[in-house]
2 protein chains.
Amino acid sequence: MYTISEISRLTQTTAHTIRYYEKEGLLFPTRTASGIRRYDETQLTWLRFVLRLRATHMPIDQIREYVELFLASSDKHDTTRDRLRLLEAHQQNVRDQLAELMQTEQLITEKIATYRKHHPSVAEETLRPI
Amino acid sequence: MYTISEISRLTQTTAHTIRYYEKEGLLFPTRTASGIRRYDETQLTWLRFVLRLRATHMPIDQIREYVELFLASSDKHDTTRDRLRLLEAHQQNVRDQLAELMQTEQLITEKIATYRKHHPSVAEETLRPI
DNA sequence: GCTTGACTTAGAGTAAACTCTAACTTGTAG
DNA sequence: CTACAAGTTAGAGTTTACTCTAAGTCAAGC
């Protein structure tokens with residue numbers, strides 16, 4: 001069981017942010033009798049996944065929605081389908097971002113090549129066409 | 001020569017945002033005698049490049065810095081090197097984002113596969129380890 | 001018991017990038 | 001000439017995701 005500072009160090013995330021994620025309904029650490037947060041391996045793994053989703057720009061609201069579906073799931077009300085739908089939507093989002101990044105990487109590489117060729121005073125675009 | 005609404009339509013960007021970019025020093029349209037903005041092909045191409053940089057999360061401040069270097073360039077003070085440095089820094093940034101996205105895409109794909117296999121009531125993680 | 005560093009809370013503050021409003025001016029079609 | 005759509009401005013407001021502060025409580029070593 002980890003304290004917040006250990007989790008903070010292990011995930012390279014400030015304790016402030018970790019508490020903020022809890023307030024936003026993304027994390028549920030247990031507490032000691034005196035109210036101090038305790039995190040186990042499961043929570044650590046989950047936080048790492050959340051950080052991955054955030055790094056790929058999944059909004060906190062959507063992550064919370066995913067968590068809520070998870071917590072709401074039961075025998076008579078299974079939320080698997082909805083969670084799958086959320087994951088698939090984000091997967092598409094990630095793929096769109098990949099496409100945009102690859103195109104832009106290509107464009108920047110070309111621009112860099114032009115800069116290196118025409119070394120002094122590059123033409124490229126006349127931003128202010130006066 | 002395009003009006004702001006034409007540019008807006010051509011780039012799928014609101015006129016508000018286009019004016020905001022101008023205020024932030026990223027665009028320099030010419031003006032009619034009465035003060036109405038006019039954009040030529042060069043400005044359109046430049047805006048499209050700016051939108052690419054934004055879509056790959058280059059901060060507006062850095063784009064402005066790039067523009068300022070471009071405008072400041074002259075025979076006695078060539079800024080090519082600095083612009084190249086900025087582009088290379090962003091290129092690295094884009095590559096880092098690509099790496100993160102590819103890893104996360106992989107992870108999500110695995111998770112989706114697990115969901116599809118264990119269809120009802122997926123185990124994955126027990127978020128609230130009570 | 002005392003100090004010291006880590007923990008707690010509610011709530012305020014910040015940064016970035018838009019996004020909108022209000023009041024006004026300009027351009028165009030009838 | 002008139003209507004009205006589209007343009008203009010300064011500046012206020014919004015959203016998202018943190019980030020920090022203040023005032024206090026808890027835990028461990030001496």
Side-chain angles (χ1 to χ4, degrees), chain A residues 1-40 43-44 47-67 89-90 93 97 100 104, chain B residues 1-40 43-44 47-68 86 89-90 93 97 100 104:
Chain A
M1 294 288 265
Y2 307 104
T3 64
I4 199 164
S5 61
E6 285 164 340
I7 289 291
S8 171
R9 183 175 43 78
L10 290 168
T11 59
Q12 297 292 296
T13 308
T14 69
H16 282 307
T17 300
I18 295 167
R19 291 197 198 94
Y20 166 69
Y21 283 173
E22 180 178 342
K23 195 163 59 181
E24 291 298 313
L26 309 190
L27 297 174
F28 305 92
T30 51
R31 301 282 187 127
T32 63
S34 59
I36 289 178
R37 292 170 178 82
R38 284 292 138 98
Y39 303 83
D40 64 9
Q43 287 284 320
L44 177 56
L47 175 56
R48 285 191 164 128
F49 185 55
V50 168
L51 292 172
R52 273 301 187 52
L53 296 178
R54 289 292 310 120
T56 56
H57 309 104
M58 185 161 177
I60 283 174
D61 282 3
Q62 269 173 49
I63 304 175
R64 182 185 24 243
E65 203 184 327
Y66 181 86
V67 172
H90 186 57
N93 200 314
Q97 290 180 65
E100 176 66 58
T104 305
Chain B
M1 293 287 267
Y2 307 104
T3 63
I4 199 164
S5 62
E6 285 164 340
I7 288 291
S8 171
R9 182 175 42 78
L10 289 168
T11 59
Q12 298 291 298
T13 308
T14 68
H16 282 308
T17 301
I18 295 167
R19 291 197 198 95
Y20 165 70
Y21 283 174
E22 180 179 342
K23 194 161 62 179
E24 291 298 312
L26 309 189
L27 297 173
F28 305 92
T30 51
R31 300 285 186 125
T32 63
S34 59
I36 289 176
R37 292 171 178 82
R38 284 292 136 95
Y39 301 84
D40 64 9
Q43 287 284 319
L44 177 56
L47 174 55
R48 285 190 165 130
F49 185 54
V50 167
L51 292 171
R52 273 299 189 53
L53 295 178
R54 289 293 310 121
T56 56
H57 310 102
M58 186 161 175
I60 283 175
D61 281 3
Q62 269 173 50
I63 304 176
R64 184 188 19 246
E65 203 184 328
Y66 181 85
V67 171
E68 281 169 358
L86 272 179
H90 186 57
N93 201 313
Q97 290 181 64
E100 177 65 58
T104 305

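Quick note on labels: first sequence line is chain A, next is B, and so on, each numbered from 1. What you see is a predicted model, and the numbers here were worked out from it, not measured in a lab.
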Candidate nucleotides [options], ranked by approach to the side chain of [X] - the nearest:
| X | options | answer |
| --- | --- | --- |
| B:Ile60 | C:dT8, C:dA17, D:dT8 | C:dA17 |
| A:Arg54 | C:dT8, D:dA17, D:dA6 | D:dA17 |
| A:Pro59 | D:dA17, C:dA17, D:dC26 | D:dA17 |
| B:Thr3 | D:dA17, D:dG7, C:dC7 | D:dG7 |

Measuring to OP1 and OP2 of [N], would you say a side-chain N or O of [X] lies under 4.0 angstrom away?
| X | N | answer |
| --- | --- | --- |
| B:Thr32 | C:dT26 | no |
| B:Arg37 | D:dT9 | yes |
| A:Arg9 | C:dA6 | no |

- Does a salt bridge link A:Glu22 with A:Arg31, judged by any charged N lying under 4.0 Å from a carboxylate O? yes
- Double-helix bend of the helix from C:dG1-D:dC30 to C:dG30-D:dC1, axes at both ends from 5 pairs, round to 10°, gives 10°
- The side chain to side chain contact (heavy atoms under 4.5 Å, CB included) partners of B:Arg9 (sequence neighbours excluded) come to B:Glu6
In whole angstrom, what separates [X]'s [atom1] from [N]'s [atom2]?
| X | N | atom1 | atom2 | answer |
| --- | --- | --- | --- | --- |
| B:Met1 | D:dG7 | CE | P | 15 Å |
| B:Arg31 | D:dG7 | CZ | C1' | 10 Å |
| A:Leu27 | C:dT8 | CG | P | 13 Å |

- Ranking B:Asp61 and B:Arg38 by the position along DNA chain C of their nearest nucleotide, the one closer to 5' is B:Asp61
- Indicate whether any N or O donor in one side chain lies under 3.5 Å from an N or O acceptor in the other, for B:Gln62 and B:His90. no
- Note: contacts of residues 14-24 of chain B with DNA chain D (heavy atom, under 4.0 Å) are B:Arg19, B:Lys23
